[in-house]
Amino acid sequence: MERVLVTGGASGIGAATVVRLRHDGMCVASLDLAASPGADVQIVADVTSDDDVKRGVDEAAAALGGLDIVVAAAGVAGRGSVDETPPEEWDRIFAVNIRGLYLTAKASLSHLRAAGGGSLVIVASQLGLVGAAGAAAYCASKGAAVMLTRAMAIDHGSEGIRVNCVCPGPTVTPLLEDYFAAATDPAAERSRYEEAQVHGRLIEPGEIADAIAYLASPRASSTIGAALVVDGGYSIR
């Protein structure tokens with residue numbers, strides 16, 4: 001039975017991933033600031049804290065008897081162009097989306113090595129591949145996540161550790177709902193996002209979890225350093 005750690009497992013894509021991987025018969029630990037009711041093991045930790053992440057990853061490995069798969073799904077969003085983004089907001093977004101990813105990977109690699117190899121799947125974004133107005137820090141952080149995926153795939157592929165990322169489009173999560181709520185006209189903003197999709201709707205978290213399950217599985221044994229786009233056609237327009 002494969003042993004999995006999911007960061008950001010309490011809500012959104014992370015929570016859907018916990019459910020999907022448990023359905024596939026895996027033992028799953030969730031690391032988040034809140035508890036994840038669907039996980040086998042609950043770890044409350046802050047992904048921006050080196051001590052918290054190391055403790056949490058080690059606790060997950062001890063509880064599960066090791067780690068075969070790590071899914072780094074913790075993330076935050078934000079609005080604003082560069083001149084509209086205060087330094088503290090820029091730092092907040094990068095602290096979670098990049099520092100948190102770095103700390104998670106750093107703490108997990110030894111456990112994946114001990115298992116004889118494994119899979120690290122990162123939740124990036126289609127906005128790590130294409131630009132968007134009014135989301136400078138978010139785009140920059142997710143672009144960094146895509147490139148970190150590729151760099152780690154090269155660094156650790158010879159150890160049997162596959163590193164890939166999924167690049168979701170607009171997905172129905174608390175983060176996106178909060179983003180809409182902060183808009184001047186939330187209904188119009190939601191419609192604008194729906195109309196940007198080729199299939200005319202927002203993406204469900206379970207659809208992203210399906211892609212993560214594929215990247216984590218042996219079916220993707222030759223998929224290394226990939227950025228798997230699941231964005232309803234958003235980025236092809």
Side-chain angles (χ1 to χ4, degrees), residues 6-19 30 32-34 36 46-48 71-101 104 121-146 148 165-212 227-237:
V6 179
T7 70
S11 67
I13 290 169
T17 301
V18 169
V19 171
S30 168
D32 204 321
L33 289 172
S36 171
D46 179 356
V47 297
T48 70
V71 179
V76 294
R79 287 180 173 272
S81 60
V82 165
D83 60 330
E84 295 167 339
T85 305
E88 57 272 20
E89 174 67 356
W90 184 277
D91 291 344
R92 179 187 74 88
I93 291 169
F94 269 79
V96 177
N97 292 356
I98 292 302
R99 177 180 169 84
L101 171 54
T104 299
V121 183
I122 292 161
V123 178
S125 170
Q126 96 281 17
L127 294 186
L129 301 170
V130 298
Y138 184 76
C139 288
S141 70
K142 292 302 185 177
V146 171
L148 184 55
C165 67
V166 61
C167 294
T171 305
V172 183
T173 65
L175 277 181
L176 187 63
E177 295 295 352
D178 289 346
Y179 186 83
F180 289 151
T184 303
D185 186 338
E189 186 76 349
R190 179 184 290 271
S191 294
R192 184 173 73 82
Y193 270 68
E194 290 170 344
E195 290 166 5
Q197 307 298 104
V198 172
H199 58 14
R201 64 171 176 82
L202 301 176
I203 299 160
E204 293 298 325
E207 295 178 282
I208 308 303
D210 288 343
I212 291 169
L228 178 55
V229 180
V230 186
D231 70 350
Y234 179 100
S235 60
I236 65 172
R237 292 205 182 265

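Not a single ring pair (Phe, Tyr, Trp, His ring centres under 6.0 Å) links Y234 to another residue, sequence neighbours left out. Among residues two or more places apart in sequence or in another chain, the side-chain hydrogen bond (donor to acceptor under 3.5 Å, both in side chains) test is passed with S141 by N97. For the salt bridge (charged side-chain N to carboxylate O under 4.0 Å, His left out) test, no residue two or more places apart in sequence or in another chain qualifies with E84. Listed by chain and number, the residues in a side-chain hydrogen bond (donor to acceptor under 3.5 Å, both in side chains) with D83 are S81 (sequence neighbours excluded). Annotation: side chain to side chain contact (heavy atoms under 4.5 Å, CB included) contacts of R79 (sequence neighbours excluded): Y179, A182, A183, E189. Not counting sequence neighbours, V19 has no partner by the side chain to side chain contact (heavy atoms under 4.5 Å, CB included) test. The side chain to side chain contact (heavy atoms under 4.5 Å, CB included) check on A144 picks up I98, with sequence neighbours excluded. Remark: D210 engages R20 in a side-chain hydrogen bond (donor to acceptor under 3.5 Å, both in side chains) (not counting sequence neighbours). For R99, the side-chain hydrogen bond (donor to acceptor under 3.5 Å, both in side chains) test picks out no residue, with sequence neighbours left out. Looking at residues two or more places apart in sequence or on another chain, you find a side chain to side chain contact (heavy atoms under 4.5 Å, CB included) between E204 and V172, E207.
In this structure, the side chain of R237 engages the main chain of A196 through a donor-acceptor pair within 3.5 Å. A donor-acceptor distance shorter than 3.5 angstrom exists from the side chain of K142 to the backbone of V123, with no hydrogens or angles considered. For Q197 (side chain) and D231 (main-chain N/O), a donor-acceptor pair under 3.5 Å exists by modelled atom type.
Across every non-hydrogen atom of L175 and G75, the tightest pair is CD1-O, 3.3 Å. What you find for R92 and V76 is that their closest heavy atoms are NH1-CB, 3.6 Å. When all heavy atoms are compared, the tightest approach of G232 to I203 is N-CD1, 3.8 Å. Closest approach of A136 to W90, counting heavy atoms only: C-CZ3, 4.1 Å. When every heavy atom of H199 is checked against every heavy atom of R201, the shortest pair comes out as CE1-O, 3.0 Å. The shortest heavy-atom contact between T171 and P168 is OG1-CB, 3.8 Å.
By the 4.0 Å N-to-carboxylate-O rule, E195 lies too far from R192 to be salt-bridged with it.
Residues in residues 121-131 take part in no salt bridge (Lys or Arg N to Asp or Glu O under 4.0 Å) pair, two or more places apart or across chains.
Here the CD-CG distance, from Q126 to L228, works out to 12.5 Å after rounding to the nearest 0.5 Å. Distance CD1/I212 to CD1/I122: 11.0 Å, rounded to 0.5 Å. Rounding to the nearest 0.5 angstrom, the gap separating the CG atom in L129 from the SG atom in C165 is 7.0 Å. The distance from the CG atom of L101 to the CG atom of L148 is 5.0 Å, given to the nearest 0.5 Å.
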Only pairs under 3.5 Å count here: list side-chain donor-acceptor contacts from residues 7-17, not counting sequence neighbours, and write none if there are none.
unit_1: T7; atom_1: OG1; unit_2: A73; atom_2: N; d: 3.0
unit_1: T7; atom_1: OG1; unit_2: A74; atom_2: N; d: 3.3
unit_1: T17; atom_1: OG1; unit_2: I13; atom_2: O; d: 2.8

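Side-chain contact between V130 and L127: present, with at least one pair of heavy atoms (C-beta onward) separated by less than 4.5 Å.
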